[in-house]
Amino acid sequence: PEPDQGAQFTEDQFKCALGFCIPQSQHCDFVDDCGDRSDEDSLSGHCERYPARCDFETDKCPRYWTDEAADDFDWTLRTGSTISAGTGPSTDHTNRDPTGHYIYI
C-alpha cells in the first residue's frame with residue numbers, strides 16, 4: 001500500500017516505517033506486512049514481548065513455555081514429522097522451513 005501522510009492511526013494499528021498502518025494483529029507475526037520488515041524488526045526488540053515470537057530453533061523458549069512437574073505431559077522440541085503417522089507440521093511456524101523446529105505434547 002502507498003503511505004497516506006495525512007492518515008490518522010488508531011490504537012489497534014501498527015505504524016510501518018514507510019508511513020502506513022497495518023492491523024496490530026499483523027505486528028510481529030513473522031510476515032512482512034509493511035514491505036520493509038519494520039513490523040518484524042527483531043533489532044529494535046519491540047517484538048520480543050510477544051510469546052508467539054519464539055522460533056524454537058535453540059530451545060523450548062522456557063520464558064513462555066514450561067513443563068508442569070505434576071502432570072503427565074511434557075513439551076517436546078522437534079523438527080520434521082512426529083512419531084505418529086500423519087501428524088506434525090510440514091514446516092515450522094516462523095521460517096516456513098521443513099527443517100525448522102516446533103514443540104508439541
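What you see is a predicted model; the values in this text were computed from it and never measured.
With hydrophobic clusters built from ILVMFWY side chains whose heavy atoms lie under 4.5 angstrom apart, I105 shares a cluster with L77. A single hydrophobic cluster is seen to contain both F73 and F56, as judged by linkage of ILVMFWY side chains at heavy-atom distances under 4.5 Å, directly or through other members.
At a threshold of 4.5 Å between non-hydrogen side-chain atoms, the residues D39 and I22 count as touching. A heavy-atom distance below 4.5 Å is not found between the side chains of K60 and T66.
Q24 places no side-chain N or O within 3.5 Å of a backbone atom of D12 that could act as its donor or acceptor partner. Panel note: side chain E40, backbone R37; no donor-acceptor pair is recorded below 3.5 Å. For T79 (side chain) and G100 (main-chain N/O), a donor-acceptor pair under 3.5 Å exists by modelled atom type.
Take D74 and apply the salt bridge (Lys or Arg N to Asp or Glu O under 4.0 Å) test, not counting sequence neighbours, and it matches no residue. Contacts of D92 classified as side-chain hydrogen bond (donor to acceptor under 3.5 Å, both in side chains), with partners at least two apart in sequence or in another chain: T94. Residues passing the disulfide bond (SG atoms under 2.5 Å apart) test with C61, sequence neighbours excluded: C54. By the ring pair (Phe, Tyr, Trp, His ring centres under 6.0 Å) test, F14 is found to be paired with H27, H46, residues two or more places apart in sequence or in another chain being considered.
Identified under the disulfide (SG to SG under 2.5 Å) test for residues 68-105, with sequence neighbours left out: none.
Between C16 and C34 the SG-SG gap is short of 2.5 angstrom.
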Please table the atom pairs, donor to acceptor, closer than 3.5 Å between any side-chain atom in residues 83-91 and protein atoms at least two apart or in another chain.
{"residue": "T87", "atom": "OG1", "partner": "T82", "partner atom": "OG1", "Å": "2.1"}
{"residue": "T87", "atom": "OG1", "partner": "S84", "partner atom": "O", "Å": "2.8"}

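Of all heavy-atom pairs between A17 and S38, the closest is N-OG, 3.0 Å.
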